[in-house]
Visitor: 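I have a structure I would like to understand better, so I am pasting it below and will then ask my questions one at a time.
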Number of protein chains: 2
Amino acid sequence: MDSPLVPFGRPPTERADAARNREVLLCTARAMIAELGAEHVTMDGLAERAGLGKGTVFRRFGTRAGIFRALLDAEEQRFQCEVLSGPPPLGPGGDPVDRLIAYGRARTRFLLERHEIARASFERKGPVPPAVGPNFSGPHIRMLLAQAALGLPDPDTLSLQLASALEGPALLFLVADLPPEGRAGCGQDDLGTLLADGWQTLIERIARR
Amino acid sequence: MDSPLVPFGRPPTERADAARNREVLLCTARAMIAELGAEHVTMDGLAERAGLGKGTVFRRFGTRAGIFRALLDAEEQRFQCEVLSGPPPLGPGGDPVDRLIAYGRARTRFLLERHEIARASFERKGPVPPAVGPNFSGPHIRMLLAQAALGLPDPDTLSLQLASALEGPALLFLVADLPPEGRAGCGQDDLGTLLADGWQTLIERIARR
DNA sequence: GACGTAACCGGACTTTACCCCGTTTCTGTC
DNA sequence: GACAGAAACGGGGTAAAGTCCGGTTACGTC
């Protein structure tokens, strides 16, 4: 009857109970984040509320940041799908400069909407946040820059820096814990507009020939 | 006899013993960082090695990150002096675009040389790193952009994004714990050159009229 | 030089991320 | 349906950040 949507999940690797527990933990985590805010979600609390042992939580996610990474990954995948196979200007097919601009707009919105989780997904030791960050943005920007044939030297470094310009403000340099209603004078939407427009200016200037 | 170099340190605020302990802690911290790496410096260890109580350490610096911030602050001040009152092209007096480029080069080098401490100066909770980050770079870039009279819309946001392009790679997106000898294939100097050149490209493109 | 106050000191205490390992549960095979 | 091996589970244990408060010490005043 309830045949699984995915015919064979991960062939030999991952037991059914493990998968189930992963889901339970992810759901519980989402609920706790919504309720308490990401920074008040503790591993003990999560385990207890999910009805599981602490060891299980760590086995599944390795580290506290791992939980938030896992949470992001799911949404990140949908985002990447849109970028890689959606309609233009975001998806393939349009002018690369337009795609760069559209990508920045979409990414800005994506990160701002999730910045609490994104920030929580950083490891305190260890270098790069494995899922967020330039791991997708960098290469994607790099590809579009190449397609745009702007004659730029060292597109590798440049795309890293552009990715940083795009993601840094949301991840690093912005007030993280704006209480639910937003900040005085500048809501999240306004901020998103400002950043998106700034990105567009940046790209237009760089692409100008 | 040994009259203090600074005639009156901080007029009424800060007792002599407190100041002395601050110095001791800062020195000890520097030594421990050099010896163990920033990430292995613990508050207990620092207190014990400095011959002080843990309470004292926290009273002085508030938080673990505070120690690294204090360490950076001293050097940051020297850096800012050079920028604000040194000779051109970094200091005032030259063409603003040249100053922007020179600033980026200097800042890149500064951050790369100190990225271990800079990364350790982040608070785990709480939003912005109060001393590092765009608190100096942002406004400075903003000022130079304005002087360059490039007709850019919203220089506030743009300078935030440029500051992020400049500092992000060193602070966020780089392998932090390169063991003392550096990484295979790309030493820190090479990396600095790449980032500095990338920054220059960025600025030149944006400034092109 | 004695005194009162305020700041400082120390270390025990709490909280939280993360580890370890004996025990339980699953899954494929006979 | 029972077995064996492997993987997952659980919760107590450790380390390190950060808090608290009673006792102590420095500094300005008389």
Side-chain angles (χ1 to χ4, degrees), chain A residues 4 8-26 28-29 32-33 36-71 119-126 129, chain B residues 4 7-26 28-29 32-33 36-71 119-126 129-130:
Chain A
F8 23 77
R10 292 166 191 81
T13 54
E14 182 163 72
R15 257 162 52 168
D17 54 346
R20 182 162 16 93
N21 282 342
R22 185 216 300 295
E23 282 315 309
V24 169
L25 284 169
L26 251 28
T28 309
M32 290 183 76
I33 290 170
L36 313 168
E39 64 190 333
H40 293 121
V41 175
T42 76
M43 300 303 259
D44 290 359
L46 177 59
E48 180 174 9
R49 178 150 164 181
L52 297 167
K54 242 185 317 185
T56 306
V57 180
F58 280 97
R59 167 174 300 274
R60 281 274 82 76
F61 300 108
T63 151
R64 186 188 130 96
I67 292 175
F68 297 98
R69 269 209 313 277
L71 245 27
R119 283 185 61 104
S121 76
F122 283 81
E123 302 282 349
R124 86 231 49 78
K125 43 181 48 173
Chain B
F8 23 76
R10 292 165 190 81
T13 54
E14 182 163 71
R15 256 162 54 168
D17 53 348
R20 180 163 16 91
N21 282 343
R22 183 214 303 294
E23 282 316 310
V24 170
L25 284 169
L26 251 28
T28 309
M32 290 182 77
I33 290 169
L36 313 169
E39 64 190 334
H40 293 121
V41 175
T42 77
M43 300 302 259
D44 291 299
L46 177 60
E48 180 174 12
R49 178 149 163 182
L52 297 168
K54 206 160 47 144
T56 306
V57 180
F58 278 96
R59 168 173 301 274
R60 281 275 82 76
F61 299 107
T63 155
R64 185 189 131 96
I67 291 175
F68 296 98
R69 268 208 313 277
L71 245 27
R119 281 185 62 104
S121 77
F122 283 81
E123 299 286 347
R124 179 160 348 146
K125 38 181 53 174

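Quick note on labels: first sequence line is chain A, next is B, and so on, each numbered from 1.
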Visitor: Heavy atoms of chain B, cut-off under 4.0 Å: which first and last nucleotide of DNA chain C, 5' to 3', fall inside that, if you could look?
Guide: C:dA6 to C:dC13
Visitor: Below 4.0 angstrom from OP1 or OP2 of D:dA8, is there any side-chain N or O of A:Thr56?
Guide: no
Visitor: Please name the pair of heavy atoms, one in B:His40 and one in B:Leu36, separated by the smallest distance, quoted to 0.1 Å.
Guide: ND1-O, 3.0 Å
Visitor: Once you round it to whole Å, what is the distance between C1' of D:dA16 and CG of B:Leu36?
Guide: 15 Å
Visitor: For a quick check of understanding: with a heavy-atom distance under 4.0 Å over all strands, which category does B:Arg60 fall into, base, sugar-phosphate or nothing?
Guide: sugar-phosphate
Visitor: Using a cut-off of strictly less than 4.0 Å between a heavy atom of the residue and any atom of DNA chain C, enumerate the qualifying residues of residues 44-53 of chain A by number.
Guide: none
Visitor: Expressed in angstrom and rounded to an integer, what is the separation of A:Lys54 atom NZ from D:dA8 atom P?
Guide: 20 Å
Visitor: Touch check for B:Arg59, heavy atoms < 4.0 angstrom, all strands: base, sugar-phosphate only, or nothing?
Guide: base
Visitor: Stepwise, does the side-chain contact (heavy atoms from CB on, under 4.5 Å) test hold for A:Leu71 with A:Ile33?
Guide: CA-CA 11 Å; A:Leu71 245 27; A:Ile33 290 170; 3.6 Å; yes
Visitor: Looking at every heavy atom in both B:Leu46 and B:Ala29, which two are closest together, and how far apart are they?
Guide: CD1-N, 3.7 Å
Visitor: Do the non-hydrogen side-chain atoms of B:Glu39 and B:Arg119 ever get within less than 4.5 Å of each other?
Guide: no
Visitor: Does B:Arg15 place a side-chain N or O at less than 4.0 Å from the phosphate oxygens OP1/OP2 of D:dC27?
Guide: no
Visitor: Would you mind reporting whether A:Thr28 and A:Met32 have side-chain heavy atoms less than 4.5 Å apart?
Guide: yes
Visitor: Assign each of B:Asp17 and B:Gly55 to its nearest nucleotide of DNA chain D by heavy atoms, then name whichever residue's nucleotide is nearer the 5' end.
Guide: B:Gly55
Visitor: What's the shortest heavy-atom distance between A:Arg60 and A:Ala18, and which atoms?
Guide: NH1-CB, 3.3 Å
Visitor: Do A:Ile67 and A:Val41 have side-chain heavy atoms sitting under 4.5 Å apart?
Guide: no
Visitor: Tell me the closest heavy-atom pair linking A:Ala50 and A:Leu25, and the distance in Å.
Guide: CB-CD2, 3.7 Å
Visitor: Closest heavy-atom contact between A:Ala38 and A:Ala120?
Guide: CB-CB, 4.3 Å
Visitor: Using whole Å, what does the distance between atom P of nucleotide D:dA8 and atom CZ of A:Phe61 come to?
Guide: 13 Å
Visitor: Rounding to a whole Å, what distance do you find between B:Phe58:CZ and D:dC21:P?
Guide: 17 Å
